[in-house]
Student: 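Provided herewith is a single structure, encoded as structure tokens, for subsequent inquiry.
Computed from a predicted structure; not experimentally measured.
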Amino acid sequence: QVQLVESGGGLVQAGGSLRLSCAASGRPVSTDAMAWFRQAPGKEREFVAVISWGAGSTLYAESVKGRFTISRDNAKNTGYLQMNSLKPEDTAVYYCAWKRGSALSNVGYRYDYWGQGTQVTVSS
């Protein structure tokens, strides 16, 4: 079991920055992967970014590439999503997700554990 707790969401103006954190407890292992997904009102959940917990390999959605950076601190069992140059269309609830196995996946059903979500609102 892995428990995930997100933090760091909030309200920011367009062009601003936020950093989300995802604290993992339970039994995370270096062969796992951690991802961020988001869901805007009335829209389906979409993939944002994923990182392999051991090697630190990453994969990003095209819509955030160059603006968002995913990272992790293995010693703290915490993952991060640094979001820069935020746009109103980035407004959503952001979810941290965890999967067994280091393969990078942008598909939600491959993830075994999910956090409760944190709201990010970008005003124009």
Student: Does the gap between the ring centers of Tyr111 and Phe37 come in under 6.0 Å?
Tutor: yes

Student: Nearest heavy-atom pair of Cys96 and Leu4: which atoms, and what distance?
Tutor: O-CD1, 3.6 Å

Student: I'd like to know if the side chain of Glu44 and the backbone of Gln39 have a donor-acceptor N/O pair within less than 3.5 Å.
Tutor: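 Side chain of Glu44 to backbone of Gln39, a donor-acceptor pair under 3.5 Å: no, none is there.
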
Student: When rounded to the nearest 0.5 angstrom, what distance separates CE in Met34 from CG in Leu104?
Tutor: 11.5 Å

Student: Nearest 0.5 Å please: distance from the CD atom of Gln82 over to the OG atom of Ser17.
Tutor: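 One gets 5.5 Å once the value is rounded to the nearest 0.5 Å.
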
Student: So does Ala33 get a backbone contact from the side chain of Ser102, meaning a donor-acceptor N/O pair under 3.5 Å?
Tutor: no

Student: Report yes or no: is the cationic atom of Arg100 (NZ for Lys, CZ for Arg) closer than 6.0 Å to the six-membered ring centre of Trp53, at no more than 45° off its axis?
Tutor: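 That pair does not qualify as a cation-pi contact.
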
Student: Could you tell me whether the side chain of Tyr95 reaches within less than 4.5 Å of the side chain of Glu6, counting heavy atoms only?
Tutor: yes

Student: Could you tell me whether the side chain of Tyr80 reaches within less than 4.5 Å of the side chain of Asp73, counting heavy atoms only?
Tutor: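 Heavy-atom side-chain distance check passes, below 4.5 Å.
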
Student: For Gln116, does the CD atom have more than 12 heavy-atom neighbours from other residues, nucleotides or ligands under 6.0 Å away?
Tutor: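 Yes.
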
Student: Using atom types as modelled and distance alone, determine if a side-chain donor or acceptor of Thr91 lies under 3.5 Å from a backbone N or O of Val122.
Tutor: yes

Student: Show the numbers, then the answer: is there a side-chain hydrogen bond (donor to acceptor under 3.5 Å, both in side chains) between Asp112 and Trp98?
Tutor: CA-CA 6 Å; Asp112 305 294; Trp98 195 277; over 6 Å; no

Student: Give the ring-plane orientation class for Tyr94 versus Phe68, where under 30° counts as parallel, over 60° as perpendicular and anything between as tilted.
Tutor: tilted

Student: Kindly compute the distance separating CG (Asp90) from CZ (Arg67), expressed to the nearest 0.5 Å.
Tutor: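 Output value for this atom pair is 4.0 Å.
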
